[in-house]
Amino acid sequence: MQILDGKKTAATIVSEIRQEILQMKQGGLRVPHLAIVLVGYDGASETYVANKIKMCEQCGMKASLLHFADDASQDEIIAAIEQLNSNPDIDGFIVQLPLPAHIDEQKVIEAIDYRKDVDGFHPINVGRLYIGMPCFVCATPKGIMELLRRYNISTRGRKCVVLGRSNIVGKPVAAMLMQKEHGDATVTVLHSHSQRIAEECREAEILVTAIGQPHFIKADMIKEGAVVVDIGITRVPDTSLPKGYRLLGDVDFDNVAPKCSYITPVPGGVGPMTVCMLLLNTLDAAKHTYYQQ
Ligand code: GUN
């Protein structure tokens, strides 16, 4: 059994990005610039955003935070997005989710210029991913595919089971696994209404789970030698820790790991890869890899 070490892989990618940005600077180009729109004071979102900004700094990338109060109106947020769309100094930007309930998330996402949508959430990027066109791909599925690639794990012709059908993990990772380029897998997507979940999981050569139910995947649901990728990160109260909670994955790691050929830990698996992929998307935005401005 080998650990898919997202922390180590992410550190390698950060140093690759830092190197490329250094070269851009030396070539007289300005450094890539990411903006983040944050609305309200959700603790987890504030932590994620702080981490994104810290990692930008580690790469030598510029980061700007636009932090709005939790009672900011939808019009105010959309006006800020329109300014970011037209600001030539901003290469890419994201709106941190979730948004307060009075704001329509989909309207906000659709206000983002798809050429600056480094989260890959805009319907144009989602659609282009689905039909195999170059586009920004959202960070978690891109991080999963990159982790598999860097460990030389082929998906071609393999039976993959994806547990979860969210727009930002389950659906896009299924699309990437089945597409011709770097995919070629046979993909089954399971969700809350699926039948025979345990049996389907047991047939998976590669299992990707993103349902947010701690330790749902037990050893008897795993095929011997499977590759297991755990996207679940649920905060479970634990007063013995200074933070007051521990992070648990969807997989009962201690019992499942001995049956696997490769497995991601939680934390330290896909999590650290996701911010790297956002940075990579921002670098690609600055280089106009997918779209001309
Ligand atoms: N909230 C949780 N994950 C994400 C993400 O990848 N992007 C944004 N914008 N919000 C999130």
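Numbering of ligands and ligand atoms starts at 1, following listing order. This is a predicted model, so every value here is computed, not measured.
Ionic pairing of Glu57 and Lys62 is not present here: no N-O contact between side-chain nitrogen and carboxylate oxygen is shorter than 4.0 angstrom. A salt bridge between Glu200 and Lys159 is present, with a side-chain N of the basic residue lying under 4.0 Å from a carboxylate O of the acidic one. Using a cut-off of 4.0 Å between Lys/Arg side-chain N and Asp/Glu carboxylate O, Arg150 and Glu146 are scored as salt-bridged.
For atom 4 (C) of ligand 1, the closest non-hydrogen atom of the protein is Gln96 NE2, 4.1 Å. In terms of protein heavy atoms, atom 1 (N) of ligand 1 is closest to Leu97 O, 2.9 Å. Looking only at protein heavy atoms, the nearest one to atom 3 (N) of ligand 1 is Ile168 CD1, 4.3 Å.
Few gaps surround CD on Gln106; more than 12 heavy atoms of other groups in view lie less than 6.0 Å from it. Open room surrounds NZ on Lys107; 12 or fewer heavy atoms of other groups in view lie less than 6.0 Å from it.
Each of the following atoms of ligand 1 lies closer than 4.0 Å to a heavy atom of Val95: 8 (C), 9 (N).
Heavy atoms of Tyr48 stay at 4.0 angstrom or farther from ligand 1.
For Asp119, a nitrogen or oxygen atom sits less than 3.5 Å from a nitrogen or oxygen atom of ligand 1, counting backbone and side chain alike. Every N/O-N/O distance between Pro98 and ligand 1 stays at or above 3.5 Å.
Geometrically, Arg115 does not engage Tyr291 in a cation-pi contact defined by less than 6.0 Å to the ring centre and at most 45° from the axis.
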